[in-house]
Amino acid sequence: MIDIENITKSFGSLQVLKGITLHIDKGEIVSIVGPSGAGKTTLLQIIGTLDQPDGGTIRIDGVEVNKLSKRKLSDFRNKHIGFVFQFHQLLPEFTALENIMIPAYISGASHNEAKKRAEELLSFMGLLDRAHHKPNELSGGEKQRVAVARALVNNPAVILADEPSGSLDSKNKQELHQLFFDLRDRYGQTFVIVTHDEELASLTDRTIHLHDGEVVE
């Protein structure tokens, strides 16, 4: 599903990634851990095509993404990759349902198609009764589940999460962690999760350790 070969990345004189090579299988839930400054978020952004590597190749579902034009890359990202951030990044002026529908609109879905898919996801997450509430009317756990639903609305092959439970209390963390596995079992997505949460890392199928821009055992 995801093949990363000899990825390098520098910012000025600082080399952040030093030849990362990884393979992640379809349907696998993988955590990436390591100290601050190890290169975890930089690697996740490159996998997600939000940043370009200095060298190396990335293939997602057989597509060498770092060779796509900007327009094709944007389209690929919208349809094949979902993002979940530490802070939900919901748009405050829109309801939960509308926030989830936005990526579907961008991909060209009709209003009815987008609404049906968003309602299906809200129902799966037990939030259908919160569909018409705006973010300031939702709890922290509810906001993050809406953000996960937004990431899933286009049925992407890959979900990338950067410290997804970092802003949640213990109860909501556990619920969110279980949600990832429930979603994988239901929809078959591949999850790559950057986390400092040892409990979450211990639950994943595999843990990748980064240190000073390199994969370590």
Side-chain angles (χ1 to χ4, degrees), residues 27 29 41 44-45 47-51 60 70-71 73-197 200 203:
I29 298 182
T41 294
L44 198 73
Q45 289 175 336
I47 295 171
T49 75
L50 297 174
D51 200 359
I60 299 176
K70 284 187 177 181
R71 182 176 177 179
L73 187 60
S74 178
D75 184 59
F76 182 90
R77 185 188 307 123
N78 174 255
K79 292 179 179 177
H80 296 275
I81 304 173
F83 296 91
V84 181
F85 304 99
Q86 178 175 354
F87 300 103
H88 49 81
Q89 308 287 5
L90 300 177
L91 297 175
E93 65 270 31
F94 295 108
T95 65
L97 183 69
E98 291 165 342
N99 266 283
I100 296 167
M101 291 168 66
I102 289 170
Y105 283 143
I106 293 171
S107 74
S110 70
H111 173 80
N112 287 340
E113 289 171 335
K115 184 179 179 184
K116 181 179 179 181
R117 174 65 172 161
E119 287 177 341
E120 175 192 342
L121 289 165
L122 281 170
S123 178
F124 181 79
M125 296 184 188
L127 290 175
L128 196 54
D129 62 334
R130 311 294 280 167
H132 300 292
H133 289 68
K134 292 186 176 179
N136 65 358
E137 301 171 309
L138 302 174
S139 70
E142 288 171 339
K143 290 174 188 174
Q144 198 62 312
R145 280 186 281 164
V146 170
V148 173
R150 179 184 57 190
L152 286 161
V153 72
N154 287 334
N155 198 29
V158 177
I159 301 293
L160 304 178
D162 193 358
E163 297 289 357
S165 57
S167 63
L168 301 178
D169 60 29
S170 296
K171 179 177 181 294
N172 281 308
K173 277 185 182 182
Q174 291 175 354
E175 290 179 355
L176 183 67
H177 296 169
Q178 184 58 49
L179 177 62
F180 291 145
F181 290 89
D182 292 344
L183 288 166
R184 188 264 303 271
D185 293 343
R186 172 87 175 252
Y187 297 111
Q189 270 94 2
T190 302
F191 283 80
V192 183
I193 306 169
V194 163
T195 185
H196 282 103
D197 192 304
L200 174 55
L203 295 172

Kindly say whether A104 contributes a backbone atom to a donor-acceptor pair with the side chain of S107 at under 3.5 angstrom?
-> yes
Close side-chain approach of H111 and M101, heavy atoms under 4.5 Å = yes
Between CZ on residue R186 and CG on residue L121, distance to nearest 0.5 Å = 8.5 Å
Test L179 against F124 for side chain to side chain contact (heavy atoms under 4.5 Å, CB included), laying out the working first.
-> CA-CA 10 Å; L179 177 62; F124 181 79; 4.1 Å; yes
Hey, could you give me the OG1/CG distance between T49 and L160, rounded to the nearest 0.5 Å?
-> 8.5 Å
Relative to each other, are the rings of F180 and F191 parallel, tilted or perpendicular (30° and 60° limits)?
-> tilted
Heavy-atom side-chain contact between N154 and R117 under 4.5 Å | no
For a side-chain contact (heavy atoms from CB on, under 4.5 Å) with I100, tell me which candidate from T95, V146, V148 qualifies.
-> V146
Verify side chain to side chain contact (heavy atoms under 4.5 Å, CB included) between Q189 and N155, making sure each step is shown before the conclusion.
-> CA-CA 8 Å; Q189 270 94 2; N155 198 29; 3.2 Å; yes
Non-neighbouring partners of F76 that pass ring pair (Phe, Tyr, Trp, His ring centres under 6.0 Å), sequence neighbours left out | H80
Sub-4.5 Å side-chain heavy-atom contact between N78 and P103 = yes
Name all residues meeting the ring pair (Phe, Tyr, Trp, His ring centres under 6.0 Å) criterion together with H177; count only those two or more places apart in sequence or in a different chain, and write none if there are none.
-> none
Straight-line distance of R145 CZ to R150 CZ, nearest 0.5 Å = 15.5 Å
Distance from R130 atom CZ to L122 atom CG, nearest 0.5 Å?
-> 11.5 Å
Approximate separation, where rounding is to 0.5 Å, of D182 CG and E175 CD | 11.0 Å
I would like to know whether R77 and L73 meet side chain to side chain contact (heavy atoms under 4.5 Å, CB included); could you show each step before the answer?
-> CA-CA 6 Å; R77 185 188 307 123; L73 187 60; 3.8 Å; yes
Please examine the side chains of L128 and E119, heavy atoms only from C-beta on, and report whether any two atoms are closer than 4.5 Å.
-> yes
Heavy atoms of P156 and A151 approach each other most closely as CG-O, 3.2 Å
Distance from H132 atom NE2 to E137 atom CD, nearest 0.5 Å?
-> 12.0 Å
